[in-house]
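Have a look at the structure below before the remarks.
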Amino acid sequence: MSETEEKTPTNSAVQNLECTYCGKTYNGAELHNTCPACGKVLYYRYDVQAVKERLKRELLPGRVASMWRYKEALPVLWEENIITFGEGWTPLLEAPRLGKKLGMKNLLIKDEGQNPTGSFKARGLGMAVSKARELGAKAVSIPSAGNAGGAVAAYAARAGIAAAVMMPVDAPIINKNETAVTGAQTWLVQGLINDAGRILKANGERKGWFDLSTLKEPYRVEGKKTLGYEIAEQLDWELPDVIIYPTGGGTGLVGMWKAFDEMEQLGWIGSKRPRMVVAQATGCAPIVRAFEEGAEFARPWENAQTNSSGIRVPVAIADYLMLRAVRGSNGTALAVTDEEMMDATKEIASLEGLFPAPEGAATLAVLRHLLAQGWVSPEERVVLFNTGMGQKYPEFMSFDIPVVPADTQFLD
Ligand SMILES: *Cc1c(COP(=O)(O)O)cnc(C)c1O
Ligand SMILES: [Zn+2]
């Protein structure tokens, strides 16, 4: 790193790390994974007074159109260490035609498919690569259902550090290509994401990889929390009534929950919270089951099956944090089938022109159930999360498109 004088501070007000489970605190200027005392998730804490003084809400409209507009409330200390493609600040689109069909007046879609690398993984992993590298990481590894691997590979290439990625052998082909093309060391495992995680971890120390597994380090969630800041800013600091989130490892869900707390401390929002809804697939729904059982933690899901790869996550270290957010907000958790996701994909695309990832489509399928149950009422403001672009999933759906000879004249 060059001389201090040549560097530009971000004015980040980041402080120490705190364990979300046992409360122990750690030095935020050292690389950390999980809590050394209890093995649970670490979170960064901030000097709220300093953020308040340095980041006035009125400054935001003039800021960069990416997640880095909130840099005082993010952990990277030096501008030069920010690795960015312009991730974040995605549109919060009105969905009037879809809303009308459902009898709703206030339906919104946060379109995370417009992020670099085509999914919202760009937020978390752009942050994680930036901060881990700032703290000295020379190489990173990640087990991935698909999109995370592509994002790590892209940010690591841009940062000039090595990346090792392992994903299930049946991950979407686009994810395999986008990872391998960067030169990231890539493997396909004949198993699931948790198998990949175990294998990488066993080799990590010997290889010098910093482990970027979901919430097994405290940096990724800091990128994902910008979802919460953005929704608040885009809705003029009035949070929606309901947020429906396609849930795998849960980083975005718990990240938004963290952002809401931080913004309340900053005086930017009040104590009202959206009801947080976990959307999962019937073939892999560990958080839904734990919610229904009233459990604090989720049991691993056996034989996880869904073509919605981003939410095919049978074990999540942040299970207790997700369940806290869902219960603390009077939210709920619901699973839908892959067929429902396919129908919902076509419905969103045909009515709003937006081609969602199957995970994003799952949120509409869940909304249908919640409307039918009367759990969501038609006048409530609801945000659906489209977490990726449908174009990244060529295997998920196919269409019978008619082929015509070149000399065709009349079409019927
Ligand atoms: C990773 C992923 C998810 C799940 O996100 P978590 O924050 O891990 O719960 C949902 N949708 C897509 C497209 C993903 O890539
Ligand atoms: Zn702990």
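One-based numbering, in listed order, for ligands and for the atoms of each.
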Quiz item: Can you list every side-chain hydrogen bond (donor to acceptor under 3.5 Å, both in side chains) pair that touches residues 317-327, not counting sequence neighbours?
Solution: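 For residues 317-327: Thr20-Tyr320.
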Self-check item: Residue that, paired with Thr10, satisfies side-chain contact (heavy atoms from CB on, under 4.5 Å) out of Arg54, Glu72, Glu79, Glu80
Solution: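 For Thr10, the side-chain contact (heavy atoms from CB on, under 4.5 Å) test succeeds with only one of Arg54, Glu72, Glu79, Glu80, which is Glu79.
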Practice problem: Name the orientation class of the two ring planes belonging to Tyr245 and Phe120 (parallel below 30°, tilted from 30 to 60°, perpendicular beyond 60°). | Solution: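 Aromatic pair Tyr245/Phe120 classed tilted.
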Quiz item: Once the angle between the rings of Trp237 and Trp268 is folded into 0 to 90°, is it parallel (under 30°), tilted (30 to 60°) or perpendicular (over 60°)?
Solution: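 Judged by the thresholds at 30° and 60°, the geometry between Trp237 and Trp268 is perpendicular.
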Quiz item: Which ring-ring contact (aromatic ring centres under 6.0 Å, His included) pairs, counting each pair once, include a residue from residues 142-175, with sequence neighbours left out?
Solution: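 Of all non-adjacent pairs touching residues 142-175, those that pass ring-ring contact (aromatic ring centres under 6.0 Å, His included) are Phe85-Tyr155.
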Practice problem: Output yes when Arg57 and Asp236 qualify as a salt bridge under the 4.0 Å nitrogen-oxygen rule, no when they do not. | Solution: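 Here Arg57 does not pair with Asp236 in a salt bridge, since their nearest N and O are not under 4.0 Å apart.
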Practice problem: Answer yes or no for Arg63 and Trp89: cation-pi contact, defined as NZ/CZ to six-membered ring centre under 6.0 Å and angle to ring axis within 45°. | Solution: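 No; the conditions do not both hold, so Arg63 does not lie above the ring face of Trp89.
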Exercise. Anything with a heavy atom under 4.0 Å from ligand 1 counts, so go ahead and list those protein residues by chain and number.
Key: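 Answer by chain and number: Phe120, Lys121, Asn147, Lys224, Tyr245, Pro246, Thr247, Gly248, Gly249, Gly250, Thr251, Gly252, Gly310, Glu359, Thr387, Tyr393.
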Practice problem: Taking the side chain as every heavy atom from C-beta outward, state whether Thr332 and Arg275 have any pair of such atoms under 4.5 Å apart. | Solution: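 The answer is no, as the side chains (C-beta and beyond) never meet within the 4.5 Å cut-off.
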Practice problem: Look only at the side chain of Asn307 and the backbone of Phe396, and say whether a donor-acceptor pair between them is shorter than 3.5 Å. | Solution: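 Not at all, since once roles are kept as given, no pair shorter than 3.5 Å links the two residues.
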Practice problem: Have a look around the Zn ion (ligand 2) and list protein N/O/S atoms under 2.8 Å, or say none. | Solution: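 Short answer, with waters excluded from the count: Cys19 SG, Cys22 SG, Cys35 SG, Cys38 SG.
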